Student: 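Have a look at this one before I ask anything.
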Amino acid sequence: FDEIIYRPPAVWTKDSVRQETKAFVEFIIVYTKTDFAKPIIRKTKEPQMWVSGCSWSSAWGVSDDERWATLLASKLNIPYTVLAEPGSGNSYQAKKLLSADIRENDVVIFQVTSPPRETIIDPKYGQIHVNAHAFTVLSDLYKRYSPDRLVEMTLLLNQIRDIQNIANFLQKTKARFMFWAPGNCLPMEIALESFVLGKDYFYLYPGGSMVDFGTDGIHPGPKTHKKYADFVFEKFKQQ
């Protein structure tokens, strides 16, 4: 929607209803400012590439020209859109792909990340990608979200379901796609790893070590991104 029209009654029957309505309207206002609410536009009417993932794909620590998605797009000679967001999880990225205008013969590359991540909408902070690092940035986050939730089996199983859902969606759309994970630097839980390793569309980067680091000293550097691009390119050709 482009506009919110709110007409409260002259007299409220209950104060609790007034408070609940106020809270709901405030939530909607916060929601419209989140990435969930932003439209995802195609680059072209011709086939294009969509890249999802976390900071390993949004490429913290390197320039846009150095990230693996850009290098891969150059190899494939195809326009591309990066949906990846730092700190985001597998379920969030799956939902972004489901919201994108993906069409037949598009290329979709899904970078699987570590499971202890969940995206929430908070009245105070708006959209938050909750992970271990988020609790060090937002000191009062634990009051809104229990850290224990990040290791619950339900969260992990929901991610497995969402990955299966997006794979089904892409098959029905007749898009060309593959899933991959960077390996040891972004460890997967046993249940998730067991699930994806049995799929013919999934590839695990061997070893998982990074040959260099980006400017932040944590994320992959230009040489590692080039290796990622070469790896994904070769595996995609095998598809």
Side-chain angles (χ1 to χ4, degrees), residues 35 38-86 88-90 92-113 162-183 185-186 196-197 199-216 219-239:
D35 289 330
K38 295 178 181 177
I40 302 174
I41 309 299
R42 291 183 63 86
K43 294 284 186 179
T44 173
K45 292 182 180 180
E46 301 300 319
Q48 72 157 81
M49 181 173 71
W50 305 85
V51 174
S52 66
C54 61
S55 53
W56 255 246
S57 297
S58 65
W60 271 18
V62 297
S63 68
D64 288 353
D65 292 338
E66 295 172 323
R67 64 185 173 188
W68 69 264
T70 304
L71 301 175
L72 178 62
S74 178
K75 286 175 175 287
L76 297 174
N77 190 28
I78 191 172
Y80 69 103
T81 298
V82 175
L83 302 177
E85 295 180 24
S88 63
N90 297 314
Y92 176 82
Q93 286 298 317
K95 290 177 174 62
K96 287 200 74 172
L97 283 172
L98 287 172
S99 300
D101 185 13
I102 297 174
R103 304 178 186 177
E104 185 175 352
N105 290 324
D106 277 0
V107 175
V108 178
I109 310 295
F110 192 118
Q111 174 248 307
V112 180
T113 190
D162 290 336
I163 287 174
Q164 183 63 67
N165 285 343
I166 191 62
N168 292 342
F169 166 73
L170 295 174
Q171 287 173 341
K172 291 181 182 298
T173 310
K174 296 183 179 179
R176 295 171 291 168
F177 67 96
M178 66 169 278
F179 289 54
W180 75 285
C185 54
L186 282 176
V196 293
L197 285 178
K199 305 301 180 184
D200 58 6
Y201 54 74
F202 176 81
Y203 300 90
L204 183 64
Y205 184 76
S209 59
M210 296 182 286
V211 297
D212 65 341
F213 294 92
T215 55
D216 61 352
H219 290 85
K223 294 180 181 178
T224 304
H225 273 274
K226 184 179 184 306
K227 285 185 172 293
Y228 288 162
D230 292 341
F231 170 78
V232 174
F233 180 69
E234 290 303 320
K235 295 303 181 183
F236 184 72
K237 283 200 305 181
Q238 294 176 21
Q239 293 281 76

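Just so we're clear, the structure is a prediction, and the values are computed from it rather than from any experiment. Values below: all heavy atoms of this structure, side chains included; hydrogens, waters and symmetry mates excluded.
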Student: Give the minimum heavy-atom separation between Ala69 and Val82, together with the two atoms involved.
Tutor: CB-CG2, 4.0 Å
Student: Taking all non-hydrogen atoms of both residues into account, name the closest pair between Met49 and Ala73 and its distance.
Tutor: CE-CB, 3.7 Å
Student: Distance from His225 atom NE2 to Leu71 atom CG, nearest 0.5 Å?
Tutor: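 Between His225 NE2 and Leu71 CG, I get 9.0 Å after rounding to 0.5 Å.
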Student: Taking everything shown except Lys227 itself, do over 12 heavy atoms lie less than 6.0 Å from its NZ?
Tutor: no
Student: Which residues pass the side chain to side chain contact (heavy atoms under 4.5 Å, CB included) test with Lys235, sequence neighbours left out?
Tutor: Met178, Tyr203, Phe231, Gln238
Student: Ile109 and Val232: side chain to side chain contact (heavy atoms under 4.5 Å, CB included), yes or no, with the steps?
Tutor: CA-CA 8 Å; Ile109 310 295; Val232 174; 4.0 Å; yes
Student: For Ile78 and Pro47, which heavy atoms make the closest approach, and how far apart are they?
Tutor: CG1-O, 3.5 Å
Student: Between Asp64 and Thr70, do the side chains contain an N or O donor and an N or O acceptor separated by less than 3.5 Å?
Tutor: no
Student: Kindly state each residue pair satisfying side-chain hydrogen bond (donor to acceptor under 3.5 Å, both in side chains) with at least one member in residues 44-53, sequence neighbours excluded.
Tutor: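 The answer is Gln48-Thr81, Trp50-Asp106.
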Student: Please list, chain by chain and in numerical order, all residues satisfying side chain to side chain contact (heavy atoms under 4.5 Å, CB included) with Ala181, sequence neighbours excluded.
Tutor: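 Once residues adjacent in sequence are excluded, the partners of Ala181 under the side chain to side chain contact (heavy atoms under 4.5 Å, CB included) criterion are Val112, Met188, Phe202, Leu204.
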Student: If I compare all heavy atoms of Ser58 with all of Ser55, which pair ends up nearest, and what's the gap?
Tutor: OG-CA, 3.2 Å
Student: Please name all residues satisfying side chain to side chain contact (heavy atoms under 4.5 Å, CB included) with Ser63, sequence neighbours left out, ordered by chain then number.
Tutor: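 So Ser63 forms a side chain to side chain contact (heavy atoms under 4.5 Å, CB included) with Asp65, Glu66.
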Student: Walk me through it: do Lys75 and Asp230 pass the test side chain to side chain contact (heavy atoms under 4.5 Å, CB included)?
Tutor: CA-CA 9 Å; Lys75 286 175 175 287; Asp230 292 341; 3.0 Å; yes
Student: Using side-chain heavy atoms (C-beta onward) and a distance below 4.5 Å, is Leu97 in contact with Ile102?
Tutor: yes
Student: Are Glu85 and Lys96 close enough that some pair of their side-chain heavy atoms sits under 4.5 Å apart?
Tutor: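 Heavy-atom side-chain distance check passes, below 4.5 Å.
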Student: Locate the shortest heavy-atom distance separating Arg67 from Ala59; write the atom from each residue and the value.
Tutor: CB-CB, 3.3 Å
Student: Is there side-chain contact between Pro222 and Asp212, with heavy atoms separated by less than 4.5 Å?
Tutor: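 In short, these two side chains touch, coming nearer than 4.5 Å.
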Student: In chain order, what residues pass the side chain to side chain contact (heavy atoms under 4.5 Å, CB included) check against Gln171, with sequence neighbours excluded?
Tutor: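 Side chain to side chain contact (heavy atoms under 4.5 Å, CB included) list for Gln171, sorted by chain: Asn168, Phe177.
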Student: For Ser57, enumerate each residue passing the side-chain hydrogen bond (donor to acceptor under 3.5 Å, both in side chains) test, keeping only those at least two apart in sequence or located in another chain.
Tutor: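 side-chain hydrogen bond (donor to acceptor under 3.5 Å, both in side chains) list for Ser57, sorted by chain: Trp68, Gln111.
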Student: Where is the tightest heavy-atom contact between Pro79 and Lys43, given as atom of each residue plus distance?
Tutor: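 Looks like CB-CB, 4.1 Å.
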Student: Any chance you could measure Lys95, atom NZ, to Asn165, atom CG, to the nearest 0.5 Å?
Tutor: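 Spacing of NZ (Lys95) from CG (Asn165) equals 8.5 Å.
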Student: Would a distance-only check, ignoring hydrogens and angles, find a side-chain to backbone donor-acceptor pair under 3.5 Å from Glu104 to Ala175?
Tutor: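 Answer holds: no.
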Student: Leu186 versus Cys54: any side-chain heavy-atom pair under 4.5 Å?
Tutor: yes
Student: Is there a side-chain contact between Phe233 and Leu76, using heavy atoms and a 4.5 Å cut-off?
Tutor: yes
Student: State the CZ-NZ distance between Phe213 and Lys223, to the nearest 0.5 angstrom.
Tutor: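 Those atoms lie 12.5 Å apart.
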Student: Check whether more than 12 heavy atoms from other residues, nucleotides or ligands sit under 6.0 Å from atom NZ of Lys199, and answer yes or no.
Tutor: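 Counting other residues, nucleotides and ligands, NZ of Lys199 exceeds 12 neighbours.
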Student: Angle between ring planes, Tyr201 versus Phe179, binned at 30° and 60°: parallel, tilted or perpendicular?
Tutor: tilted
Student: For side chain to side chain contact (heavy atoms under 4.5 Å, CB included), just list the numbers for Arg103 and Arg42, CA-CA rounded to whole Å, side-chain angles, deciding distance to a tenth of an Å, and then say yes or no.
Tutor: CA-CA 10 Å; Arg103 304 178 186 177; Arg42 291 183 63 86; 3.3 Å; yes
Student: For the residue pair Phe236 and Val107, establish whether any side-chain heavy-atom pair is separated by less than 4.5 Å.
Tutor: yes
Student: Are the side chains of Trp56 and Tyr228 in touch, meaning some heavy atoms are under 4.5 Å apart?
Tutor: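 In short, these two side chains touch, coming nearer than 4.5 Å.
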Student: Hey, could you give me the CG/OG1 distance between Leu98 and Thr173, rounded to the nearest 0.5 Å?
Tutor: 9.0 Å
Student: I need the Asp162 CG to Asn90 CG distance, nearest 0.5 Å.
Tutor: 9.0 Å
